[in-house]
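See structure below.
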2 protein chains.
Amino acid sequence: MPQDRVEAVDRALSVLSAFNEDDLSLSLAEFSRRTGLYKSTILRLLGSLKAAGFVTLGPDGLYSLGPDLWRLGSYYRRRYLPSEVVMPVLERLRNLTKETASFYVRDGENRICLYRVNSERPMRHHLVQGARLPLEKGAAGRVLLAFGPEPPISSQEVRYLGHAISLGERESEIAAISVPVVDDDGQLLGALAVSGLVTRFSEVACETHLDHLRQEARSLTG
Amino acid sequence: MPQDRVEAVDRALSVLSAFNEDDLSLSLAEFSRRTGLYKSTILRLLGSLKAAGFVTLGPDGLYSLGPDLWRLGSYYRRRYLPSEVVMPVLERLRNLTKETASFYVRDGENRICLYRVNSERPMRHHLVQGARLPLEKGAAGRVLLAFGPEPPISSQEVRYLGHAISLGERESEIAAISVPVVDDDGQLLGALAVSGLVTRFSEVACETHLDHLRQEARSLTG
DNA sequence: TTAATCGTTCTGCTTGACAGAACAGTTATT
DNA sequence: AATAACTGTTCTGTCAAGCAGAACGATTAA
């Protein structure tokens, strides 16, 4: 079998996936409801996850995600541009544009928000780290598609311009501008983006944002 | 059995634990060497891990950690003080002291380095995020112990002083000063610390570092 | 050519995990 | 107070799922 898996592991990972942004602590019964697995089964799975430091059991009987999961997870980002390099760039972009600045990388047919610095405006595009978004929609997605391997014909324009602008493409209220970050070897590393309320992205605002983006993207590579 | 586990899950997690700070991409054979498991077994385990987005298989046949592992891992930190709050504080501390600044939380009988901003000096204490260190040794450890639940009698002095200083306690070359970060309810959230080469921590330097630490710790809670 | 890798496929045997009931403890409802 | 509806946990017989190990072809090195 080419797609061979281990059911017990699948189950254990589905237990972990029961956590989400809003629910950081879950009870055994809650796991059972979300996964559809039996409590006795989950208890054993959690036993292994706990032993590995992937979850911790609080004194209130609620399970939370553990430190070892996080430590391993933080290794993921290290393959790309490190935090020390990208974060100052995003902060500069946020200060220059007053909008939310972010850095995306490609993951198969999706894009992942690896770093972000949210705008400080009351009406802001609030991005979540690790969010998985489609490649086809949104400025950063289309940039990753256009400058990645096997770019579709439809992305010819993005390649030519060297940037992408999205006005309410993925979410109707949100506009975004994105430019690629390219290696010395021409390898695509990711996409820088600035995003905010669509009505704030006038033609002239887009121009200045784009200038800042281009400059910062250059500063990332060489 | 009170400590019931699932072997397949234990194995899968031991496969993940084969990754470390230096080796972010591993081959199947390398997994086999490190875990002692058979290649056929590992292949199936990786199948499940890959399906869940916990690992990704590169075109070179090497496995790396996946984005979903990272996304879940980042939820771990959210239970504590979020990055947006702690990081600026650490940066200020680093700028004020020119030493490495860090934020620790307790995890059972250990402490975890949740956030850190490394010093920019050539001879610096280079901390790794997620590092698990003992509670008994080191300034931050003793602070977490003293202000946590069930503090031992030996930590009376730390409680009284409101800080801990370690001169070569855990590592002979490293000195550190740490203060607790306490909730509005008096709940211990973590420990702020500044650390560096032991010879730089003169009595007068300790005093000024301590002032900065106290001030920033206060700014964290309100 | 030989030898030592690599990743992948296949199979019989056995062990380990599952379902489900039953348990005691706690909280909510009446 | 008494019921009901929840918790989390323990136990066990049955069954299949995962393991060990060999065998495979494809690379790469000597």
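Below, each value reflects all heavy atoms present in this structure, side chains not excepted, and no hydrogens, waters or symmetry copies. Because the structure is predicted, anything quoted here is derived from the model rather than measured.
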Please report, rounded to the nearest Å, how far the [atom2] atom of [N] is from the [atom1] atom of [X].
| X | N | atom1 | atom2 | answer |
| --- | --- | --- | --- | --- |
| B:Asp10 | C:dT15 | CG | C1' | 15 Å |
| A:Leu43 | C:dG16 | CG | P | 19 Å |
| B:Ile42 | D:dA20 | CD1 | C1' | 13 Å |
| B:Glu7 | C:dT15 | CD | C1' | 9 Å |
| A:Asp4 | C:dC10 | CG | C1' | 11 Å |
| B:Leu62 | C:dC6 | CG | P | 12 Å |
| B:Leu28 | C:dT9 | CG | P | 11 Å |
| A:Leu45 | C:dA19 | CG | C1' | 13 Å |

A:Arg33 bridged to A:Glu30 by N-O distance under 4.0 Å: yes
NZ/NE/NH1/NH2 to OD/OE distance under 4.0 Å, B:Arg92 and B:Glu216: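 The answer is yes: the pair qualifies as a salt bridge.
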Side-chain N or O of [X] less than 4.0 angstrom from OP1 or OP2 on [N]?
| X | N | value |
| --- | --- | --- |
| B:Tyr38 | D:dG21 | yes |
| A:Thr41 | C:dA17 | no |
| B:Arg11 | D:dC19 | yes |
| B:Arg44 | D:dA20 | no |

A:Phe103 six-ring face occupied by A:Arg116 cation (under 6.0 Å, within 45°): no
Over all atoms of both residues, closest heavy-atom pair of B:Val86 and B:Tyr115: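 Heavy atoms only, the tightest pair is CG1-CD1, 3.6 Å.
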5' priority, DNA chain D, between A:Val6 and A:Ser40 [closest heavy atom]: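 Going by which nucleotide is closer to the 5' end, it is A:Ser40.
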Residue met sooner reading DNA chain D from 5', once B:Lys39 and A:Ala29 are mapped to nucleotides: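 Whichever sits nearer the 5' end wins; that is A:Ala29.
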The single option from B:Phe19, B:Trp70, B:Phe54 passing side-chain contact (heavy atoms from CB on, under 4.5 Å) against A:Tyr76: B:Trp70
